[in-house]
Amino acid sequence: MSMRPITARVLLGTLGSLFLIGTAMASFVLRRPDGSSTRAWTSHLERMDAALVAQDISLAERAWLQGYQQALGSRRWEGMVEAGDAALRIGADVKSRRLAAPRARQAYLTALVRARGQRSVDGVVRTAEAFARLGDREVVEQALRIARDLAGTDPEAEARVRAVVDQSTRVSGAAHGLGTPER
């Protein structure tokens with residue numbers, strides 16, 4: 001039996017395959033952002049707010065997009081909630097109003113998925129509150145079910161979920177002319 005020498009092409013192909021496998025495996029590893037990247041979106045959203053004060057909507061939208069991208073890349077729910085809130089602040093301007101709610105909704109949905117994945121009752125509750133501000137009762141109810149499941153038997157977490165349920169019920173009742181519900 002004769003052994004053939006390893007050619008450069010075979011060696012490069014093998015190394016390339018190992019690199020691709022390693023890259024794919026790294027994308028499945030749970031990433032925990034370090035302190036410097038955890039709030040990388042904040043400076044962009046602050047720049048957006050300053051542009052809004054100066055009534056520079058174009059700059060505000062660019063800064064929002066950069067903040068949104070940083071929040072998306074962070075893999076944390078907090079940044080997505082802040083990006084959704086920021087989209088609504090831009091939406092206060094007449095020209096941007098039609099895009100504000102869909103942008104905020106997308107950011108809040110991403111935040112909800114991330115908060116659930118990170119088992120963060122606080123994150124799920126904050127996204128439920130955000131959806132309540134958008135008037136999306138269906139997603140609020142779904143988020144509160146998730147929050148209840150995550151809260152389990154933690155009395156503080158249960159109390160926070162109950163408070164949001166009560167607030168959501170009052171807002172919904174008032175919006176439909178029902179006033180506050182009786183207890």
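Positions are given from 1 along the sequence.
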Novice: Hey, are Asp85 and Arg133 close enough for a salt bridge, meaning a charged N less than 4.0 Å from a carboxylate O?
Specialist: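 Yes, Asp85 and Arg133 are salt-bridged.
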Novice: If you compare all heavy atoms of Met80 against all heavy atoms of Leu72, which two are closest, and at what distance to 0.1 Å?
Specialist: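 Smallest heavy-atom distance, with atoms named: SD-N, 3.6 Å.
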Novice: Taking atom CD of Glu61 and atom CG of Asp56, what is their separation to the nearest 0.5 Å?
Specialist: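 CG of Asp56 is found 10.0 Å from CD of Glu61.
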Novice: With the side chain counted from C-beta on, respond yes when Thr110 and Trp77 share a heavy-atom pair under 4.5 Å apart, and no when they do not.
Specialist: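 No. Closest side-chain heavy atoms not under 4.5 Å.
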Novice: Minimum heavy-atom separation for Gly67 and Leu45, please, with both atom names.
Specialist: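 It is CA-CD2, 4.2 Å.
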Novice: How many angstroms lie between CG in Asp49 and CZ in Arg89, if you round to the nearest 0.5 Å?
Specialist: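 Output value for this atom pair is 4.0 Å.
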Novice: Can you tell whether the side chains of Arg39 and Glu78 come within less than 4.0 Å, N to carboxylate O?
Specialist: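 Salt bridge absent between Arg39 and Glu78.
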Novice: Give the minimum heavy-atom separation between Ala104 and Gly84, together with the two atoms involved.
Specialist: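 Closest heavy-atom pair between Ala104 and Gly84: CB-O, 3.4 Å.
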Novice: Do Arg103's NZ or CZ and the ring of Trp64 fall within the cation-pi criteria of under 6.0 Å and 45°?
Specialist: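 Yes; both conditions hold, so Arg103 lies above the ring face of Trp64.
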Novice: Can you check whether Gln69 reaches Trp41 side chain to side chain, under 4.5 Å on heavy atoms?
Specialist: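 They are not in side-chain contact.
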Novice: Answer yes if the side chains of Arg47 and Ser43 hold a donor-acceptor pair under 3.5 Å, and no otherwise.
Specialist: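 The answer is no; no qualifying pair exists.
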Novice: Per the ring pair (Phe, Tyr, Trp, His ring centres under 6.0 Å) rule, what does the pair list look like for residues 117-136, sequence neighbours excluded?
Specialist: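 Ring pair (Phe, Tyr, Trp, His ring centres under 6.0 Å) check on residues 117-136 returns Tyr108-Phe131.
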Novice: Side-chain polar contacts of residues 138-145 - donor-acceptor pairs under 3.5 angstrom, sequence neighbours left out - could you list them?
Specialist:
unit_1, atom_1, unit_2, atom_2, d
Glu141, OE2, Arg137, NE, 3.3

Novice: Does some side-chain heavy atom of Leu88 sit less than 4.5 Å from a side-chain heavy atom of Leu134?
Specialist: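 Leu134 vs Leu88: side chains touch.
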Novice: So which atom in Arg119 and which in Leu150 form the shortest heavy-atom distance, rounded to 0.1 Å?
Specialist: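 Closest pair (atom of Arg119, atom of Leu150, distance): NH1-CD2, 3.3 Å.
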Novice: Looking only at heavy atoms, which two atoms of Ala115 and Gly123 are closest? And how far apart?
Specialist: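 Heavy-atom minimum between the residues: CB-C, 3.5 Å.
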Novice: Any chain of hydrophobic side-chain contacts (each under 4.5 Å) joining Val124 to Leu109?
Specialist: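 Same cluster: Val124 reaches Leu109 through Ile, Leu, Val, Met, Phe, Trp or Tyr contacts under 4.5 Å.
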Novice: Is Val113 linked to Val125 within one hydrophobic cluster, defined over Ile, Leu, Val, Met, Phe, Trp and Tyr using a side-chain heavy-atom separation of less than 4.5 Å?
Specialist: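 Cluster IDs for Val113 and Val125 differ.
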Novice: Can you name the nearest heavy-atom pair linking Ala60 to Ile90, along with the distance?
Specialist: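 Reported closest heavy-atom pair: O-CD1, 3.7 Å.
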Novice: Please examine the side chains of Arg62 and Ser58, heavy atoms only from C-beta on, and report whether any two atoms are closer than 4.5 Å.
Specialist: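 In short, these two side chains touch, coming nearer than 4.5 Å.
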Novice: Can any side-chain N or O of Gln118 pair as donor or acceptor with the backbone N or O of Arg75 at less than 3.5 Å?
Specialist: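 Side chain of Gln118 to backbone of Arg75: a pair is present.
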